[in-house]
Amino acid sequence: MLVAVGILLWLLGTSLSSPEGFQQASEIMTGFFAKFILWGILTALAYHICGGIRHMLMDFGFIDETLVVGRNSAAISMIITVILSVLAGVHVW
């Protein structure tokens, strides 16, 4: 995740530096490989957020910490991650 944040910050800094920098960032993002990397970063971010929300709900006591409920909440978290990943892919491409 740390490398992903570095890539995103570099891309943001390049695009905000000047009109030429924005053009350069736009040209970088037109390639398939760059879009694939961005989709991977967004998918990892969605997984991280879904897992974090799940754990926060468990810590606050909204979700029981039993084995069955834990497995079900993990499955729901993965389903939401897949949905967000597909939406991110549609948005990127």
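For the single chain, residues carry numbers from 1 onward in sequence order.
- For residues 4-36, every residue pair satisfying the ring-ring contact (aromatic ring centres under 6.0 Å, His included) rule, not counting sequence neighbours, is listed here: Phe32-Trp93, Phe36-Trp39.
- Pairing each heavy atom of Gly21 with each of Ser17, the nearest pair is CA-OG, 3.8 Å.
- Ile76 and Leu67 are not part of a single hydrophobic cluster, where members link through side-chain heavy atoms under 4.5 Å apart.
- Between the OG atom in Ser15 and the CD atom in Gln24 there is a gap of 10.0 Å [rounded to 0.5 Å].
- The shortest side-chain heavy-atom distance between Leu8 and Leu38 falls under the 4.5 Å cut-off.
- Note: the hydrophobic cluster containing Leu11 also contains Val92 (ILVMFWY, side chain heavy atoms under 4.5 Å, direct or indirect links).
- Note on Ile41 and Leu9: separate hydrophobic clusters, where clusters join Ile, Leu, Val, Met, Phe, Trp and Tyr whose side-chain heavy atoms are under 4.5 Å apart, directly or indirectly.
- Here CG of Asp64 is found 11.5 Å from CG of Asn72. Values are rounded to the nearest 0.5 Å.
- Under the 4.5 Å side-chain heavy-atom criterion for ILVMFWY residues, a single connected hydrophobic cluster contains both Leu87 and Ile79.
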Determine all donor-acceptor pairs shorter than 3.5 Å in which one atom belongs to a side chain in residues 45-60; sequence neighbours excluded.
| from | atom 1 | to | atom 2 | distance (Å) |
| --- | --- | --- | --- | --- |
| Arg54 | NE | Ser73 | OG | 2.8 |
| Arg54 | NH2 | Gly70 | O | 3.1 |

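- Annotation: the span from Met78 atom CE to Ile83 atom CD1 amounts to 11.5 Å, rounded to 0.5 Å.
- Using a 4.5 Å cut-off on side-chain heavy atoms (C-beta onward), His91 and Leu42 make no contact.
- Not one N or O on the side chain of Ser85 forms a donor-acceptor pair closer than 3.5 Å with the backbone of Thr81.
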